[in-house]
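Single-structure report; data block below.
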Amino acid sequence: MTGFTVALVLVVAAAGLLRWRRPAWYWLTFGVTFAVLRVLVRYASVMDACGLTVPPSRWRLALARVTNRPMPESRPPRMLRFHPTRTGLVLRLGLRPGQDAFDVAAASDRLRHSFSMYGVTSREVRSGVVEVRMTGYDVLKRVQMPAKLDTRPMRVPVALREDGSVHYRDYRAIPHALTLGATESGKSVYQRNLVAGLAPMDVALVGIDCKQGVELFPLARRFSALADNPDTAADLLDALVSRMEGVYQLIRAEQRITSAVPDAEIAADIWDLPDHLRPVPVVVLVDEVAELALFASKEEEKRRDRIITALVRLAQLGRAAGIYLEICGQRFGSELGKGITMLRAQLTGRTAHRVNDETSANMAFGDISPDAVLAAIQIPAELRGLAVAGDSTGGWHRIRAPHTSLRQAVNTCNRHAHLVPDLPELAPFRPELTSSAEAPVPLSKTAPVTV
């Protein structure tokens, strides 16, 4: 008996230590078993307490009266599927007549407390079927991406969602996106994850970093073109517009619209072309877009209009030509001048890190979802990298990218430097890679320059 007591105390102590220091390990060893038992035992009573049951149908009541049996009880949704995951539980529920997916969404907080889970989210799979995802611990506190990822061309895993699923940046589904966030909010880490995910793919990376290139130039070995000032950015965007027009001419020449060709093979964008004719897709990353929109003189205003016009044209027409925009900044509103709101309307994907005011959150989600605005302004300052991601459909999620240091991103880009495609239109903007010994830069006016 003494040995059993000692073993029990050791198991309880180990469970408590794991829950405190390694919640993911605790969930996989102890938590998942307790959670499954709680859900299976409490399911009917919890659904009834949360108002997710329906009264018995008339024919069941009539049958009970005729057969002189007890009146049937209210019925909860049918549990169609139930399986644990590495972060929680997934329930697929079949709704009863009269129930709605919004009823389950409204009761998610009550379900969280009743089942003693960390978080509960729901989504409608199809008519009459709702998937409820429960997380057993705070998956965003210490982000650990799963070992198996659903990688496809132009689809990059960049973050983890609060329900434990992976958040993908799918350029073919959402071609252009906007990322907002205050200083030290985690935008740079999100951008590094994006570049590191794109590096192994057959894609051309184009960067515009008007902060003298401090964010993107360390990754230069994987970039086909880089601009570190507004003047170069204007020329680079004009070159991209010219490339877009050339790609459209190629598509037009290879559309194959004769009656002898099946309809499914008619080309309308680069992905409908044969592999040997398909141009390389281009992802344009703009760091701090406000630097491209600000001006202080007439000449700078003309340059600014030229830049914004080119960005709007790429946002409106670039998808079919395989040109995708990734716009980053601290603010992105009408105060940046004409054409900005037109550009923002074309950026379907929206991601907002911590912002300093509600107006900045409204710039990202005000025309999409008021709930996402509220979630964005509630992000605490100590949780860098935590963000709210949504799109034009109104759906949104809390996400957090795994921490990727600049050195890790640089190593990834250097390892895949051989994949940089040869694009003649962008050749003048190819970054020149020189070592510090070849081009020393003094840190101050009095610092000596060593050769």
Side-chain angles (χ1 to χ4, degrees), residues 142-145 147 149 151 153-160 166-169 171 177 179 181 183-229 232-233 236 280-289 291 324-330 351 353 384-385 387 399-423 426-443 450:
R142 187 174 181 177
V143 178
Q144 294 179 338
M145 300 292 281
L149 298 170
T151 55
M154 304 305 298
R155 191 169 188 255
V156 183
V158 291
L160 198 66
V166 179
H167 179 72
Y168 293 91
R169 177 69 179 92
Y171 286 94
T179 302
T183 303
E184 295 294 324
S185 63
K187 294 196 309 298
S188 298
V189 174
Y190 179 86
Q191 194 176 59
R192 289 173 201 161
N193 279 277
L194 192 59
V195 174
L198 288 169
M201 298 184 180
D202 186 17
V203 60
L205 299 180
V206 174
I208 298 177
D209 182 5
C210 290
K211 294 187 296 185
Q212 297 299 313
V214 295
E215 293 288 349
L216 296 180
F217 268 74
L219 315 172
R221 291 186 181 274
R222 184 56 184 87
F223 275 75
S224 300
L226 278 171
D228 62 353
N229 60 79
T232 308
L236 175 55
V280 177
V282 178
V283 176
V284 183
L285 297 103
V286 180
D287 189 81
E288 199 51 65
V289 67
E291 289 298 317
Y324 308 103
L325 297 181
E326 198 74 35
I327 309 293
C328 298
Q330 297 185 30
T351 302
H353 293 75
R384 294 181 182 178
I399 66 170
R400 194 179 189 187
H403 179 71
T404 300
S405 66
L406 185 58
R407 170 50 58 188
Q408 291 173 323
V410 169
N411 291 342
T412 301
C413 290
N414 293 346
R415 189 162 56 249
H416 298 95
H418 63 283
L419 297 178
V420 177
D422 183 17
L423 303 180
L426 304 181
F429 308 96
R430 184 73 181 268
E432 297 181 1
L433 304 175
T434 58
S435 63
S436 58
E438 297 173 353
V441 179
L443 300 181
T450 59

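The first residue in the sequence is number 1, and the count goes up from there. Every heavy atom of this structure was used, including side-chain atoms; hydrogens, water molecules and symmetry mates were not.
L205 CG to L426 CG: the interatomic distance, rounded to the nearest 0.5 Å, is 11.0 Å. The line from CZ of F429 to CD1 of I208 is 9.5 Å long, rounded to the nearest 0.5 Å. Atoms NE2 and OH, from H167 and Y190 in turn, are 4.5 Å apart once rounded to the nearest 0.5 Å.
Residues D228 and D209 are not in side-chain contact: their nearest non-hydrogen atoms beyond the backbone lie 4.5 Å or more apart. Side-chain atoms of L216 and Q191, non-hydrogen and from C-beta on, do get closer than 4.5 Å to each other. Side-chain contact between V143 and H403: absent, with no pair of heavy atoms (C-beta onward) separated by less than 4.5 Å.
Put simply, the residue from V156, V158, L149 that forms a side chain to side chain contact (heavy atoms under 4.5 Å, CB included) with Y168 is L149.
With 3.5 Å as the limit, one finds a donor-acceptor pair spanning the side chains of N411 and R407.
Not counting sequence neighbours, E291 has no partner by the salt bridge (Lys or Arg N to Asp or Glu O under 4.0 Å) test. Qualifying salt bridge (Lys or Arg N to Asp or Glu O under 4.0 Å) partners for R400, counting only residues two or more places apart in sequence or in other chains: none. Partners of R221 according to the side-chain hydrogen bond (donor to acceptor under 3.5 Å, both in side chains) rule, which considers only residues two or more places apart in sequence or in another chain, do not exist here. Under the side chain to side chain contact (heavy atoms under 4.5 Å, CB included) criterion, V420 pairs with R222, S224, R430, sequence neighbours left out. S185 meets the side chain to side chain contact (heavy atoms under 4.5 Å, CB included) test with K187, H353, R354; sequence neighbours excluded.
A pairwise comparison of heavy atoms in A220 and L226 identifies CB-CD1, 3.6 Å as the closest pair. The nearest pair of heavy atoms linking G329 to E288 is CA-OE2, 3.9 Å. Between E326 and A177 the shortest heavy-atom distance is OE2-CB, 3.6 Å. Of all heavy-atom pairs between C413 and L219, the closest is SG-CB, 3.8 Å. Residues R155 and P157 come closest through the heavy atom pair O-CD, 3.9 Å.
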With a 3.5 Å cut-off and sequence neighbours excluded, list the donor-acceptor pairs that the side chains of residues 193-204 form with protein atoms.
residue : atom : partner : partner atom : Å
N193    : OD1  : T404    : OG1          : 3.0
N193    : ND2  : V189    : O            : 2.8
N193    : ND2  : P402    : O            : 3.0
N193    : ND2  : T404    : OG1          : 3.4

Just do the side-chain contact (heavy atoms from CB on, under 4.5 Å) check on T412 and R192 with the steps written out, would you?
-> CA-CA 10 Å; T412 301; R192 289 173 201 161; over 6 Å; no
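Remark: side-chain polar atoms of D287 are not paired, donor with acceptor, to backbone N or O of G207 under 3.5 angstrom.
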